[in-house]
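Residue numbering restarts at 1 for every chain, and letters A, B, ... go by the order of the sequence lines. The figures here come from the full heavy-atom set of this structure, side chains too, leaving out hydrogens, waters and symmetry mates.
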Amino acid sequence: MPHYDPVRRCHFWVYPGWVYLMASGGAHIHHVLHTLARRVSACTGLPDEKILGMLRPPPKAEMGDYAFPCFELAKEKKKAPPVLAKELAEVLIRDVELAQVVHRVEAEGPFLNFHAQRGVLCSAVLRKVCDPTAPYAQSGEGAGKTIVIDYSAPNIAKPFHVGHLMSTVLGASLVRIHRLLGYKVEGVNHLGDWGTQCGYQFLAWQRADPKVREEQLAARGLEYLVELYVGINQPAKTIKGLEEELLDKNIAVQPDMRAKLEAQIAERKPAADEIDREARALFKKLEDGDAELRALWLRMRETTLAVLQKSYDRLGVSFESSAGEGFYEEYMKKMVKELKDGGKLTFSEGAWVIPLSEEGAKKKRPPFIIIKSDGGTKYDTRDLAAAIYRKETYGFYKNLYVVSVPQSAHFEGLFLALEKLGHAWAKDCVHVSFGIMQIKEGDETLPMSTRSGRMIPLNELLDTMVEIVRKIVEEKNPELPAAQKAVVAEAVGVGAIVFWIQSRRRTSNIVFDWKGATSPEGDTGPYVQYTHARACSILRKFGAKVPLQADLTLLVENEELAVCKQLERFPAVVQDAAAGYEPSLIATWLLETSRAFNDFYNKHQVLKAEHLNLMQARLVLVDATRAMLAKGLGLLGISAPEEM
RNA sequence: GUCCCCGUAGCUCAAACGGAUAGAGCAGCGGAUUUCUAAUCCGCAGGUUGGGGGUUCGAUUCCCUCCGGGGACGCCA
């Protein structure tokens, strides 16, 4: 018969034999959640899977461990939700199997709240986490499926700056997350090594003094190429700036200022146009097979790759393929011919295109341009060729593009074009977009860009953070051997940046600020790493093998339960992160888990626990948490030092 | 002009299919160390979720509208 709780204004039922069951149960329970779902299923008729999806944690821990909302079922059964909740509670409390995992059932309004048998829950979760035969959070959902992930994709002869970090870090995490779920993953670095920009590079090179450029390239490598690129873009940039000034309201009303600006633009225009014309011609020459330019192109590509590799090494990123845009040159020619011969292209305004909007359609889209009016190809052409190539080569289940939000229109166009060409797999292509990195300049926030020189080189950022961390290590842990200090500083410094980048939902824009990016306190990567190091420290001081045979049902404290419930969620979090292409979910989970563990750490002793059995059980808890923190960090591409 | 995204505490961000009293961190104030790492933990304070309307038992979440910010719009990538 139900008891009434006047504080919570709800009825609750207590299973009479729960004390006995708590002491003896647990060993054969694999998962509290699954048992719960099965028993609720038995009395509601809803399938287990569905119930598993509906169960959620109540807003406050005191309210219970799992809640089942009765709204949907109530509608079906034509009953008021609170009435149904009460009825279900009365049935469930007599359920002997359920009583092995739940000691109290409450109907609180339209919700059915379950209080788990704490020891049973902790024990079941930890056994699963520590099971060496079935790695936790691993799954077979991706068995036999290949996912292509296109990420990083920097341009050659340009610096690798913080803006590129998003695609690289996000893509690499998606690679690791999908691998854990059993997918075969092909990570592709679609280098921006083809296109009109190459023409600009060539032109700048040709205009430089032959002796000077050789010396400079030998001495400064990529840095020199960037300087050339920024230099050749200078006239165009100046004009753009003047044009923007012209749009300014205050200037528009002053005729003399206006005339002055217009004259300045007119004066500079011919030179800029000349550069543009020559650059385009040079790229066309490369596409037409000029041997000298080809050699220069290869040189620039190699120079860039050598520098990029250092950054990739530092971030722990590697690719299955570095087939850049230039790679598709031959394949592209074949495709273009087929499209033309097959009558799939339309001639429009001097270019060959695939029209994307019907005549008179209300949503107008620019066409997908396959051949420009000068006969050259566009990135549209190369992306189309690459998509088809990837389908043929990998037979992908999904084809992901980790590219910034501003390019969404381009990818919508690409997928639409594929569809128009009759490729049903166009629906398997996904633009995993992310917000842009902006930077404060005065009181304006502007996007980072190489052309304007408004950017922060990646290495500068990483080095700064590593230096900050090095000082902290020096202060907090001076006894650490010097070599280890350096390793820790690198791991924590780089980890802080990588975590910061991934700690928010990917589509939000980031305004770069040094303080936010480099803080080692609060909701940060170092906080998670520190928590991990603390756990390692306990295990190190214990000094022996973790007693896995310990009686884990002894773990019944609030803080122990909170940690176990976090660990229980991990596999679902990984799945959600994969399904939504959202590694930030793992970052959030890591912070929550760290908070739960630190809370436990502050309130309870492990090595000086009240008795030996409890110490053993807590050691398993510590070990499991340590392992999952390391695993989560690993998925985000962050290493977990054992001391710091 | 057309289309897309965003607007949550002073700041940076959370909030699972629409669910219970909207949560963290930073900054501010006040506490905890004879203790397994204080890069930690606890407490206080901080909100008309941009405004208005609608759908719903229930809206930060979905729809409409207005305001504010950002972005994309045929031969750059």
Atom pairs and distances, side-chain donor-acceptor, residues 71-80 of chain A, under 3.5 Å, sequence neighbours left out:
residue: A:Glu72; atom: OE2; partner: A:Lys50; partner atom: NZ; Å: 2.7
residue: A:Lys79; atom: NZ; partner: A:Glu87; partner atom: OE1; Å: 2.9

C1'-based separation of B:G47 from B:U21 [nearest Å]: 13 Å

Take the protein atom CZ of A:Arg365 and the nucleotide atom C1' of B:C75, then report the distance between them rounded to whole Å. 18 Å

Test: A:Glu467 and A:Arg470 ion pair at under 4.0 Å: yes

Taken to the nearest whole Å, CZ/A:Arg382 to P/B:A77 is 5 Å

Nearest-Å distance for atom pair CD/C1', residues A:Glu62 and B:U21: 11 Å

Taking only N/O atoms, report every protein-nucleotides 28-35 of chain B pair under 3.5 Å with atom names and distance.
residue: B:U35; atom: O2; partner: A:Gln605; partner atom: NE2; Å: 2.9

Could you label the plane-to-plane angle of the A:Phe570 and A:Trp589 rings as parallel, tilted or perpendicular, counting under 30° as parallel and over 60° as perpendicular? tilted

Under 4.0 Å between a side-chain N/O of A:Arg56 and OP1 or OP2 of B:A20, yes or no? no

Quiz item: A:Ser348 side-chain donor-acceptor pair to B:G74 base, under 3.5 Å: yes

Counting only heavy atoms not in A:Glu278, do more than 12 sit closer than 6.0 Å to its CD atom? yes

Between B:C11 and B:G74, how far apart are the C1' atoms? Round to whole Å, please. 42 Å

Proximity to the side chain of A:Pro57 - top-ranked nucleotide from B:A20, B:A16, B:G19: B:A16

May I ask you to decide if the ring planes of A:His164 and A:Phe160 are parallel, tilted or perpendicular, using 30° and 60° as cut-offs? parallel

Please work out whether B:A16 sits syn or anti, treating a glycosidic angle within 90° of 0 as syn. syn

Separation of B:G74 atom C1' from A:Glu412 atom CD, nearest Å, is 16 Å

Would you call the rings of A:Tyr328 and A:His190 parallel, tilted or perpendicular, where under 30° means parallel and over 60° means perpendicular? tilted

Is the phosphate of B:A38, meaning OP1 or OP2, less than 4.0 Å from a side-chain N or O of A:Arg534? yes

A:Phe415 vs A:Tyr401 aromatic rings, parallel, tilted or perpendicular, using cut-offs 30° and 60°? tilted

Round to the nearest Å and state the distance from A:Lys75 atom NZ to B:C17 atom C1'. 14 Å

Interface with RNA chain B, restricted to residues 522-532 of chain A and to heavy atoms under 4.0 Å: A:Gly522, A:Asp523, A:Pro526, A:Tyr527, A:Tyr530

Interatomic distance at P, B:G30 relative to B:A14, whole Å: 31 Å

Rounded to whole angstroms, how far apart are CE on A:Met63 and P on B:U21? 8 Å

What is the base-pairing partner of B:G1, counting Watson-Crick and G-U wobble geometry with both distances under 3.5 Å? B:C73

Check whether A:Phe597 forms a cation-pi arrangement with A:Arg534 (NZ or CZ under 6.0 Å from the six-membered ring centre, at most 45° off the ring normal). no

